[in-house]
Structures are given as C-alpha cells and as structure tokens.
Amino acid sequence: MTLQQKIGADDPAYSLDPVTFEVLKNAFTTIVDQMAEQILRTCHSFVMYARDFSSALCDRDGNTVMQGSADIAVHVGTLHFTAKAVIEAFGDDIGPGDVFAVNDPYLGGTHFCDVRIVRPIFADGELIAFSQSNGHWADIGGSVPGSFDVNAKEHFGEGLRIPPVRFVHRGRALPDVVRLIVSNTRAPEAAEGDLHAQLEATRVAEIEMLRLVGKYGRATIVTAMAEVQDYVERLTRQRVAEMPDGSWETTDYLDFDPAKGEGLVPVKVRMTIKGDRIAYDLSGSAEAVATFLNGTFGSSFSGLVTGTKMFFPDLPLNSGFYRVLDVELGPPGTVVNAVWPTAVTGFCSGSYGKVVNAVFELWSQVQPKRAMACCVDIEYLLVGGKDGRTAGNDVFMWYDWMVGGWGGRNGKDGSSATSAVFGVGEAVQPLEGQERLCPVVTSEHQIATDSGGPGRFRGGCGVRKGGTLTNVRGTVMSYCCDRSRSVTWGMQGGLPSVPHGVWLTPAGGEPRFMGAIFSNVPVGEGDFFTRPSAGGGGLGDPLEREPAAVLEDVIDEYVSVERALKDYGVVVREIDRELDQFELDLDATQAARRSIRAARLGWLDEDPEDVARRYRAGELSMLDLVRQYAVILDWGNGTLLSKTTEEFRGMFRQRTAGAWQPAGGAAE
C-alpha cells in the first residue's frame with residue numbers, strides 16, 4: 001500500500017480520486033519550477049542568475065500550496081506571509097491583471113533586498129490563487145553598495161522599504177511606480193530587468209494554472225490546492241505522533257552586540273512535542289542588537305520550518321506543514337522578533353542561522369540517527385564603487401558569497417564546500433563571470449585545510465577565497481557574517497570549526513584582520529583580501545575517529561599533519577607529499593591519544609589571559625585556542641575577550657567536553 005493510500009485514498013476528507021490528486025500535486029510543483037526556469041533565462045543580475053530567488057504558488061487566501069524544488073530555505077515559510085500582506089492591504093480591490101511588489105520584512109518578509117512580485121490568478125472572474133516570485137536584488141539602495149550596512153541601527157540606512165504596492169493595474173503597467181522603485185537602487189537597469197523577469201515568471205504560473213483549469217475545471221483545481229495542504233498536514237501529524245513526547249532546549253549565540261561591548265548574544269530555542277504537534281518557544285532570546293543581524297517574525301518562523309523540515313526530508317512542504325507548528329517568538333523587540341524600524345538586513349548571517357542550528361541540535365536528540373552538528377552560516381562580501389575599465393566609470397558591485405561545511409552527521413562526515421543552510425539551492429558564482437563584470441581578480445579559491453570541525457565524524461570543510469582589486473575608483477568593502485567568536489560548534493564531543501573573518505592587505509601594506517562584520521571600508525587598486533568560510537562542527541569525540549580515516553583526510557588535504565596530531569591524536573608521517581605518500585604510526589598514535597585524554601579537561605581550566613599571552617608570543621595558534629582551550633580573542637590584536645571566553649567555555653563544556661569519556665575510559 002502506498003503512502004498516499006494509507007493517508008488519504010479512501011478518507012472522506014479527500015474528494016478527489018487518487019490519480020487526479022497525484023497528477024495535480026505534481027503539476028503544481030512543475031509550475032513553480034517553470035517559474036524558476038523563466039527567471040534563470042531572463043534575469044539581469046549575477047546574483048539572481050546564481051539562484052538567489054524562490055517561487056511559490058499560493059491559494060486564494062495566501063496559503064502556500066507549493067514551493068519549487070530548488071528554492072532558498074530562508075524564503076520557505078515567508079512567501080505566504082507576503083501574499084497575505086497583499087490581501088490585507090488591498091482587500092476587495094484586487095482584480096484580474098493586477099500585479100504587486102513588496103519587500104517589507106516587518107510584514108513577514110526576510111530583508112529589503114528580497115523583492116517579491118505577487119500576481120493574483122483569476123479564472124472565470126473568480127480569484128483562485130496567487131503566484132509569487134521572490135528575488136534578491138543586488139542593491140536596494142541604502143548607505144552602502146549592496147545595501148548591507150552593519151552600522152545601520154534602523155532600516156532607513158538599509159534601503160528602500162516597499163509595502164504592498166500595485167505596479168500593474170488591470171493589465172496596464174504603471175511605469176511611474178517601477179521608476180520610483182528602481183531609481184532608489186544603484187543599478188536601476190539591472191533592478192528593472194530582474195523585476196520584469198520575476199513578472200514574467202508569475203505570468204508563466206498564471207498561464208499554466210489556467211491551462212489546468214481548462215482541463216480539469218475551476219472547482220477541481222481549487223479543491224486540489226486545499227487537499228494538497230491537507231495531505232501534507234496529515235502526513236506531518238502522523239510522523240510527529242510517532243516521536244516521543246517531551247521538551248528540549250538549547251542556546252546558540254551571535255558574536256556580540258555593538259551597543260554592549262563584548263559578550264555573546266543568546267538565541268534560545270525550546271521545543272516541545274505533544275501528540276501530533278510541535279511547539280517552539282524563542283521567548284528567552286536577547287533583545288535586538290545594535291546592528292543589522294536581527295530577524296523579524298517571518299525569518300525566525302522560516303528558521304524553525306527549515307530546521308524542522310531537515311529531519312523530515314521525505315515530506316512535501318507547504319502550509320499544511322506549518323499548521324503542525326505552534327510558535328511563540330516572545331515579546332516584540334528581540335533579536336528573533338525585531339519590529340520596525342530595527343535594522344534587519346543581515347538577519348541571514350545573524351539570528352536566522354542560529355535558530356536553524358539550534359533546531360538541528362534539538363532534533364538530533366529526538367532523532368539521534370539523523371544527528372548533525374552545527375553548519376556554516378551564510379556570509380556576504382560586497383565590494384562596490386566605480387569601474388575604471390569603462391569609459392564612464394560605471395558603478396559595479398562585486399557581490400559574493402561562499403560555500404562552506406555542514407556538520408558531522410551520525411555515521412557520516414559533513415558535506416564539504418556546500419551552500420549554507422540559508423540557501424542550498426544557491427550556486428557558486430563563476431569566477432570568470434565575476435571578473436568580466438567587476439574589476440576584481442580572484443587569486444585563490446580552494447578547500448580550506450583544517451576548517452572542518454574534528455570529530456568521530458568530521459565536519460565538512462569550508463573554502464578559502466581571495467582576490468585583488470584592479471582598476472577601481474571610489475570603492476568600498478563591506479562584510480556581513482558572524483561566528484568569529486561564536487565559532488561553528490561541534491557536539492557529542494566534537495570540536496568547533498574555524499572563526500570567520502576577512503584579512504585585508506592594502507597595496508604595499510601589511511595584512512590586517514577586519515573581523516566578521518564591517519561596512520564602508522575604503523579600498524583601492526592593488527588591495528588584496530582573503531577569507532575562509534567555516535566548516536561544519538564535528539560530531540563525536542575526535543579521539544574515536546579511525547586513524548585510517550584521519551590518514552585519508554591528510555592525503556586529501558582536508559586535515560594537516562599538525563592538526564591530525566593535535567585534534568585527533570593521530571601521528572602521520574609525511575614521506576612524499578607530491579606522491580601522496582604518508583604512513584601511520586599506530587604506537588605513537590595510541591600514546592598521543594592517551595596524553596590528550598589525560599590533559600584536555602585541564603586545558604579548559606587554564607587561565608585565559610595566560611593562553612592569550614602565549615598566542616601573542618606565537619606559541620599557540622588560533623585553532624589551539626578555539627579547540628583546546630576554548631579561549632576567544634579579538635583575532636586582530638590578540639586581546640582576550642573575557643566574557644565571551646567564559647560563555648564560549650560554557651557552551652564548549654556542554655556540547656563537547658561533557659561527552660568525553662574520562663582518561664583511560666576508552667580503548668585506544
């Protein structure tokens with residue numbers, strides 16, 4: 001018996017026969033994927049071409065019926081809010097041929113760069129659905145190129161806020177509205193091109209929906225949209241009911257709040273399973289921070305959906321899935337429930353990733369077979385100014401994100417060089433295309449050795465990417481990231497990854513660490529920059545990893561010979577690097593592991609200031625501090641961050657050291 005037969009074939013709640021239901025369910029998915037193809041073939045910006053967009057089909061009440069098969073995770077759970085915002089704003093004044101735009105994060109969107117195009121679909125004069133295209137525009141105005149200003153405390157410096165606005169009225173375009181929107185961006189031609197690509201994508205959905213109406217009838221299509229959601233709800237409830245009842249809670253952290261100095265910023269998530277429902281409570285999270293890393297209710301809800309869905313990979317996703325979740329975000333004004341006019345553009349690197357990874361950790365306790373440690377957060381490096389290669393010194397925006405590592409999993413290492421949880425569908429931007437469009441030459445782009453968090457199952461590796469500015473004028477650099485201090489963590493005894501951050505070397509100068517969050521830094525021709533992306537955290541005690549697996553990691557250059565010894569207690573001797581010839585010393589490995597087991601809990605009690613002094617003297621490395629002593633510094637000048645270290649050590653003891661067996665308690 002198929003799953004469909006078990007759930008709904010003979011259930012009186014379903015009025016469609018199983019064949020028609022299945023055909024239309026898959027047809028809705030195909031329609032949304034066709035929207036994506038339309039955007040890929042007609043978009044103007046490189047950002048959109050790299051798949052930073054999503055599409056959705058919603059019913060006439062704005063509920064999500066279907067998402068695309070390669071959509072961005074962070075958009076999941078927010079597109080129905082956008083459709084509902086249009087309905088609330090215009091009410092009965094929505095007619096055939098209308099099209100609306102909205103990017104308002106305070107109405108359930110994500111951030112101002114994500115512009116949504118919403119088209120109502122009418123059949124025989126009756127509203128039956130909405131098609132929606134969400135695309136990340138490379139610039140939406142604001143105080144810095146790319147619209148990511150870490151100094152913004154309110155949204156007024158982040159770019160144009162678009163409440164639900166109609167720009168096509170009863171089939172007649174309103175070019176004045178379009179001009180008003182795109183004229184507030186630094187690249188109006190690209191913005192208008194992307195807008196039209198999204199507009200046509202929603203029209204593709206309308207054409208296909210009306211084709212289905214012509215074949216099956218309006219009533220059947222409306223019924224199918226409702227029953228697809230009911231189907232997902234019933235499936236999800238059944239699966240949740242199989243889980244044990246109980247409550248679990250955890251805390252992840254942002255690096256710091258600029259208004260309060262150093263100290264990690266907690267994002268607390270409590271999950272309760274009771275019967276066939278899941279309740280989430282984020283009310284213990286910190287108040288909004290004085291930068292743009294805050295999330296609104298839409299993005300935080302999306303983080304909960306994303307984290308939950310990862311543990312139910314076979315279930316379809318629409319509003320039926322959302323009905324099983326009871327969400328309490330806590331009082332307005334927190335880092336996960338920011339309200340107007342709090343700055344929120346950097347939520348993707350801030351609160352969102354922390355919510356998702358916290359949910360991963362909670363579900364890892366409920367479903368240990370699917371356990372997964374912390375995954376890389378999304379990061380953006382933006383370089384914008386005038387392109388001296390063109391006669392008119394045209395505006396350019398080098399808008400780059402990197403792949404990274406996912407957490408070690410139960411029985412498997414984490415995925416390396418993979419798009420962040422924020423948007424697995426995002427593509428790596430082709431370097432050749434970037435260099436053609438912008439005066440920035442990529443100097444390196446490779447797997448970052450030692451970036452995967454050590455564990456019995458190693459975290460996936462991140463990458464290192466560097467570049468040199470060439471013929472630029474009036475150019476600035478901005479970076480949106482986090483986890484320079486709340487380093488991507490391991491669990492069940494696993495170790496952390498590496499701190500995020502950008503190193504900038506002025507032409508003829510010395511390299512300096514810029515940190516994981518900065519904006520509007522002047523840069524010029526010949527300046528060089530490099531940055532690593534974090535790998536995933538390790539899962540399980542790294543001293544329990546098979547020495548042969550560590551040897552393979554060394555051969556593949558995922559792990560260095562030095563860190564094989566320090567992190568895994570595995571002694572590898574290099575014979576010929578060029579020929580990939582190495583050998584294990586198993587006797588020395590047993591001795592090294594005994595020594596590490598005997599000493600490692602004591603490392604966590606060493607005076608942090610003394611550890612920092614040894615780092616400044618060159619006796620210890622950054623990875624020694626993060627993985628052995630759980631000490632966090634200002635990596636630019638070596639200053640100890642006392643409060644941050646105390647909090648990081650607490651997190652380290654709970655997630656990592658608490659799972660270690662005592663010295664002599666495990667076979668070597």
Side-chain angles (χ1 to χ4, degrees), residues 52 54 64 67 71-82 105-111 114 134 136 248-254 265-272 278-286 288-289 292-313 317 319 321-322 324-330 332 334-339 342 344-364 372-379 404 406-407 419-426 480-483 486 488-489:
D52 196 345
S54 297
T64 303
Q67 302 256 169
D71 281 342
I72 303 301
V74 73
H75 302 157
V76 172
T78 68
L79 294 175
H80 65 290
F81 288 133
T82 309
Y106 311 111
L107 293 178
T110 48
H111 54 186
D114 283 343
N134 176 84
H136 185 118
W248 301 263
E249 59 182 290
T250 190
T251 304
D252 202 354
Y253 298 90
L254 279 71
V265 178
V267 172
K268 295 187 178 182
V269 182
R270 181 179 180 85
M271 179 179 74
T272 300
I278 306 167
Y280 287 109
D281 188 347
L282 281 66
S283 58
S285 301
V289 295
F292 67 173
L293 296 176
N294 306 288
T296 60
F297 75 90
S299 64
S300 295
F301 179 80
S302 176
L304 296 172
V305 170
T306 301
T308 307
K309 179 65 173 65
M310 196 68 69
F311 285 79
F312 298 91
L317 184 63
S319 288
F321 189 90
Y322 311 154
V324 183
L325 307 182
D326 298 315
V327 176
E328 172 57 61
L329 294 178
T334 68
V335 70
V336 295
N337 194 15
V339 294
T342 306
V344 296
T345 293
F347 83 97
C348 43
S349 300
S351 61
Y352 174 80
K354 311 311 180 291
V355 170
V356 173
N357 279 293
V359 174
F360 284 173
E361 184 179 18
L362 297 177
W363 276 103
S364 293
M372 181 166 60
C374 188
C375 300
V376 63
D377 275 4
I378 190 70
E379 51 88 74
W406 282 46
S419 294
V421 174
F422 168 88
V424 180
E426 286 186 326
C480 171
C481 195
D482 199 57
R483 296 219 189 266
S486 59
T488 305
W489 37 264

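Computed from a predicted structure; not experimentally measured.
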Under 3.5 Å, is there a donor-acceptor pair linking the side chains of Y322 and T64?
->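 There is no such pair between these side chains.
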
Run the side-chain contact (heavy atoms from CB on, under 4.5 Å) test against [X] and tell me which residues pass, sequence neighbours left out.
X	value
S419	V403, E426
S300	L329, V336
L362	W248, T250, V269, M271, Q365
S299	T296, F347

Answer yes or no: is there a side-chain heavy-atom contact under 4.5 Å between W489 and E361?
->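 Yes - at least one pair of side-chain heavy atoms lies under 4.5 Å apart.
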
Taking atom OG1 of T110 and atom CZ of F422, what is their separation to the nearest 0.5 Å?
->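 Atom-to-atom, T110:OG1 and F422:CZ are 7.0 Å apart.
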
Atom of [X], atom of [Y] and distance for their closest heavy-atom approach:
X	Y	value
S302	V74	OG-O, 2.7 Å
S351	G295	OG-N, 3.1 Å
G353	R483	O-NH2, 4.3 Å
T308	I278	CG2-CD1, 4.0 Å

Contact list for residues 345-354, test salt bridge (charged side-chain N to carboxylate O under 4.0 Å, His left out), sequence neighbours left out =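 Residue pairs with at least one partner in residues 345-354: K354-D377, K354-D482.
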
Enumerate the residue pairs fulfilling salt bridge (charged side-chain N to carboxylate O under 4.0 Å, His left out) with a member in residues 71-80, sequence neighbours excluded, ordered by first and then second residue.
->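 Every candidate salt bridge (charged side-chain N to carboxylate O under 4.0 Å, His left out) pair involving residues 71-80 fails, so no pair, neighbours aside, qualifies.
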
